[in-house]
Amino acid sequence: MVLRVYNTLTRQKEEFTTLVPGRVSLYVCGPTVYDKAHIGHAMSALVFDIIRRYLEFKGYEVRHVMNYTDVDDKIILRANELNMDPFELAERYTREYDQHLADLNILPATVNPRATQEMSTIIDMVQRLISQGYAYNKNGDVYFRVTRDADYGKLSGRRLEDMQAGARISVDERKEHPMDFALWKSAKPGEPAWESPWGPGRPGWHIECSAMNLTHLGEQIDIHGGGNDLIFPHHENEIAQTESLTGRPFARYWIHNGMLQLSGEKMSKSLGNLITIEEFLSLYEGDVLRMMVLNSSYRNPLSYSDEILAQAKRALERLRSGIRPALPGSQGAPADVLESLTSQVKKTAQEFVEAMDDDFNTAGALAALFELVRAINQARDAGATDDQLADARNELIRLSGVLGLRLQVESRRGEQAGPFIELLLEVRNELRKQKLWALSDVVRDRLLELGVVIEDSREGSSWRWKE
RNA sequence: GGCGACGUGGCCAAGUGGUAAGGCAAGGGUCUGCAAAACCCUGAUCACGGGUUCGAAUCCCGUCGUCGCCUCCA
């Protein structure tokens, strides 16, 4: 099966091949660490986590780089407001973000470079860009000369002429062309600064990513990803810088995720319509957010609402219903039921791969998993034993894992409670035999309040942790 | 104003030429002391208007609507 990927650069789905057989170099733009991250950032991280996991499932060895922008205007501004050291501020939010990623079950990147640790590469690149005529120095500020780059605008589909017309482009006298962008910014007194041939200053935003790619992945990479709000100017400028220097195509595939929306608008700090990852995780488990992402297509906008959230929660529960144990007293299911279960396992695996191969169609992949869940539940209802369910259940767990979903969550609460709950069930069974319904209902209700779900059947009762 | 994306049942959403996956919700049923869960059954002709085609949600044109980018942004 061939994987096909939508490439922003060509605006179409393309067959996925890598520079080096069996290996993928993946660069994803990470956050600027000046404030708490919101679930829009989480969505992007989840999308690329799913992509990475699927690539690994396909047998690729993935070298995954995600950067932290830990020096820039906003960090300095915020640090001043808080009367704090900018590096300390960045460090705090970097650590916090790392923790969020772990909480969301996002695999750690192979490398997490930071802008402040790439200075020598950045300065070297800027210097070479100047010497080759792609950039110029104006009193300590260095700008990229967009008119020198013949195919500037190829990623975002813009032409320089179009952008000048009608747009509000700030007039900056120091620039030769309004669209020229900063490679190096001179430092004002008191600002963090690094020594450079053009005086003390700090890198512009775009050059750091170019530098980190070069250092950690090389001149050419397979996939470059990020939110679609980065297409212009950020990724456009990365291409301009890198390709001007190397003379070779930078990333083979540009992959961009759609924006998370809240009340019809992009979730963002400037609009103030955001939910932080911290807030979300204090109320729900990370897999709920992952489920929301999986049930949509990564390139389209995803709107966040209480209803969508509730749907994702229920969908996750349904998926998990597939791994519940056999019913008490099961004697085995009829042969035809077991046969159709076996064939559904095969069918699901096949449909799962087919869907994911089509530009990571996670919604389609989920549909295949839900069909497996139904087949498993049918078999269980028909009396299948744990042994008879094992293969199907393992496949469900395996494929869900490719999407990063964790179905087995029981252990997160103390296992020590198990024997005591069993004891309560035994006592309650006695009560039920004696038809003391009121009392047995009290036990069930109180246990539910404690997070334990009791389900009665003809053959006896079972329990599980509430999700 | 320029560039781009999208518009499928109450909600989310797959499907991009051959008569509409899946999930949530809703209604009916099986099971059950009750409940819950699970299982079974029930619903859309695909924004609107033209066109191409034997045949279109799926291709083309137009209209309307929503969103993103054009300034920092996942």
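In this text, all values refer to a predicted model and were calculated from it rather than measured experimentally. Residue numbers start from 1 in every chain, and the chains themselves are labelled A, B, ... in the order their sequence lines are given, proteins ahead of strands.
Residue Asn361(A) places no side-chain N or O under 4.0 Å from the OP1 or OP2 atom of A14(B). Taking 4.0 angstrom as the limit, Gln378(A) places a side-chain polar atom (N or O) nearer than this to OP1 or OP2 of C40(B). One finds no side-chain N or O of Arg299(A) lying less than 4.0 angstrom from the OP1 or OP2 phosphate oxygen of A74(B). Residue Arg380(A) places none of its side-chain N or O atoms closer than 4.0 Å to OP1 or OP2 of A38(B). Ser457(A) has no side-chain polar atom (N or O) that falls below the 4.0 Å cut-off from OP1 or OP2 of A38(B). Within the structure, every side-chain polar atom (N or O) of Arg374(A) is placed at least 4.0 Å from both OP1 and OP2 of A38(B). A sub-4.0 Å separation between OP1 or OP2 of C69(B) and a side-chain N or O of Lys266(A) is present.
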Determine whether Leu104(A) and Leu281(A) satisfy the following criterion, side chain to side chain contact (heavy atoms under 4.5 Å, CB included), listing intermediate values before the conclusion.
CA-CA 8 Å; Leu104(A) 289 164; Leu281(A) 288 177; 4.0 Å; yes

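Residue Lys74(A) has its side chain nearest to C72(B) when only A13(B), G15(B), C72(B) are considered.
For the side-chain hydrogen bond (donor to acceptor under 3.5 Å, both in side chains) condition, the pairs that include at least one residue of residues 321-334 of chain A, sequence neighbours left out, are Ser321(A)-Asn377(A).
Counting non-hydrogen atoms under 4.0 angstrom, Arg428(A) reaches a base of the nucleic acid. Across all strands shown, Gly40(A) has heavy atoms under 4.0 Å from base atoms, whether or not it also approaches the sugar-phosphate. Across all strands, Gly30(A) comes closer than 4.0 Å only to sugar-phosphate atoms, never to a base (heavy-atom distances). Using a 4.0 Å heavy-atom criterion, one finds that Asp445(A) contacts no nucleic acid atom at all.
With sequence neighbours excluded, the residues satisfying ring pair (Phe, Tyr, Trp, His ring centres under 6.0 Å) with Tyr253(A) are Phe16(A).
Between Ala438(A) and Thr32(A), the residue anchored nearer the 5' end of RNA chain B, judged by the nucleotide with its closest heavy atom, is Ala438(A).
Per the geometry, CZ belonging to Arg158(A) stands 14 Å off P belonging to G68(B), to the nearest Å. Taking atom CG of Leu302(A) as the reference point, atom P of G68(B) lies 14 Å away to the nearest angstrom.
Evaluation of Trp437(A) against the base of G33(B) yields a stacking contact (centre distance < 5.5 Å, interplanar angle < 30°).
Nearest heavy-atom pair across Leu341(A) and Gln388(A) is CD2-O, 4.0 Å.
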